[in-house]
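These notes concern the structure reproduced below.
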Amino acid sequence: MNLVCELLVGAAAGAHTSTWGMYKDAIHEGFTVPRYLRSTIISLVWAPILARLAELDATTAAGIVILFGLTYAVERATTEFWKTFIRDEDQSKYFIPMQFHVFGHVPRGRVTRLLVGLGYVGVGVLLVWLVMRVQPAAGTEGPLWQILLVASAGGWYSACAGAFKDAPIEGFEWLKFFRSPLWAAFYGFLVSQFTTSYVLIALAATGYTIATLETYKTFFFPSKPRGKFAGKPITHPEMLKTRQKFVPLYVAIWVGVAVVFVLGLA
């Protein structure tokens, strides 16, 4: 039963990511089942692994809350690492290159990109290590300010990486830069009601932050193209209607997440 619940959580987290990604990109790239299911499959693989590593019980509300956010964050890290540092793809269709670039210039050598990617991962590992170093002793809780600071770590990591990639091309926005850390701190406070592990709080908060901001950018401004497609024409106008069929699934997942949060806090 625990494995079934882990897979269900993984499927929900993956379908959530798959849906907002498709909703924004399909009008420019078209729709294919493999592309849509990519995040879902990766999440299905990661969810049971993460549940074991974190010793989570996915049959409980607390376990589901943490595992959903954790799976979301790790799937995003996995997919973005592949797209940014490993995959070779024609970048001319993008306004902002999706592969690693410096002021729009994409290094040709895959080895160069991979080495930079390993450095990027190294910074993430260092952050996790620092978070573990400030973890309070077992049976004790840290002060609220410390929890909020730790929870915002993933948000700062994401904000700095995003600014490095996007700001040289589309400009720097202070509100956009601070948005991720602030949301991560908020979700860290919520997740801290279910676990005292600073690592789990930080990673799960990062996952929920990504889910929230992508929902805001995708469904509150559906006519505004993603930054990577800014100024690019809509090449698959039929998807403007087709993509609406996936919205009920997306809303249902959010409702399920909210219900589990409430049940866990009750």
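Since the structure is predicted, the reported quantities are computational estimates derived from the model, not experimental observations.
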When rounded to the nearest 0.5 angstrom, what is the spacing between [atom1] in [X] and [atom2] in [Y]?
X	Y	atom1	atom2	result
T84	L114	OG1	CG	12.0 Å
C5	L3	SG	CG	9.0 Å
T242	Y23	OG1	OH	11.5 Å
L190	L265	CG	CG	7.0 Å
M22	L37	CE	CG	11.0 Å
I66	L200	CD1	CG	6.0 Å

Is there a path from [X] to [Y] through hydrophobic residues (I, L, V, M, F, W, Y) whose side chains come within less than 4.5 Å of each other?
X	Y	value
V257	L70	yes
V74	L56	yes
V262	I253	no
I201	L144	yes
L130	L149	no

*Contact list for residues 62-79, test salt bridge (Lys or Arg N to Asp or Glu O under 4.0 Å), sequence neighbours left out*: R76-E80

_Residues in side-chain contact (heavy atoms from CB on, under 4.5 Å) contact with D57, at least two apart in sequence or another chain_ = N2, T59, T60

With sequence neighbours excluded, residues passing ring pair (Phe, Tyr, Trp, His ring centres under 6.0 Å) with [X]:
X	answer
F68	Y72, Y208
W129	none
Y120	F85, Y157

*Below 6.0 angstrom between ring centroids: does that apply to W183 and F186?*
yes

Nearest heavy-atom pair of [X] and [Y]: which atoms, and what distance?
X	Y	answer
V260	A61	CG1-O, 3.5 Å
A153	L127	O-CD1, 4.2 Å
S43	A13	OG-C, 4.2 Å
A58	E6	CB-CG, 3.6 Å
A51	L67	N-CD1, 3.9 Å
I147	G188	CG2-O, 4.2 Å

List in chain and number order the residues that pass side-chain hydrogen bond (donor to acceptor under 3.5 Å, both in side chains) with [X], two or more places apart in sequence or in another chain; answer none if no residue qualifies.
X	result
R113	D88
R35	none
W156	S152
Q193	none

_All pairs passing ring pair (Phe, Tyr, Trp, His ring centres under 6.0 Å) where residues 35-62 contributes a residue, at least two apart_ = F31-Y36, Y36-F246

*Rest of the hydrophobic cluster containing L175 (Ile/Leu/Val/Met/Phe/Trp/Tyr, side-chain heavy atoms under 4.5 Å)?*
none

*asked:* Hydrogens and angles aside, do T215 and W254 bring a side-chain donor and acceptor to less than 3.5 Å of each other?
replied: yes

*Are a donor atom and an acceptor atom from the side chains of Y187 and T212 found within less than 3.5 Å of each other?*
yes

*Hey, does the side chain of T195 reach the backbone of V191 with a donor-acceptor pair shorter than 3.5 angstrom?*
no

*Polar side-chain atom of H28 near backbone of H236 as donor-acceptor pair, under 3.5 Å*: no

_Stepwise side chain to side chain donor-acceptor pair (under 3.5 Å) test for T40 and S18_ = CA-CA 6 Å; T40 303; S18 293; 2.9 Å; yes

*Mutual orientation of the aromatic rings belonging to F220 and Y216 [parallel < 30°, tilted 30-60°, perpendicular > 60°]*: tilted

*Does the side chain of S180 come within less than 4.5 Å of L213's, by heavy atoms?*
yes

*What do the steps show when you test F219 against Y250 for ring-ring contact (aromatic ring centres under 6.0 Å, His included), and what is the final call?*
CA-CA 10 Å; F219 296 98; Y250 194 81; 4.6 Å; yes

*Does the side-chain contact (heavy atoms from CB on, under 4.5 Å) test come out yes or no for K217 and W20, once each step is laid out?*
CA-CA 9 Å; K217 292 185 292 184; W20 63 250; over 6 Å; no

*Residue pairs, two or more places apart or on separate chains, that pass side chain to side chain donor-acceptor pair (under 3.5 Å) and touch residues 132-145*: none

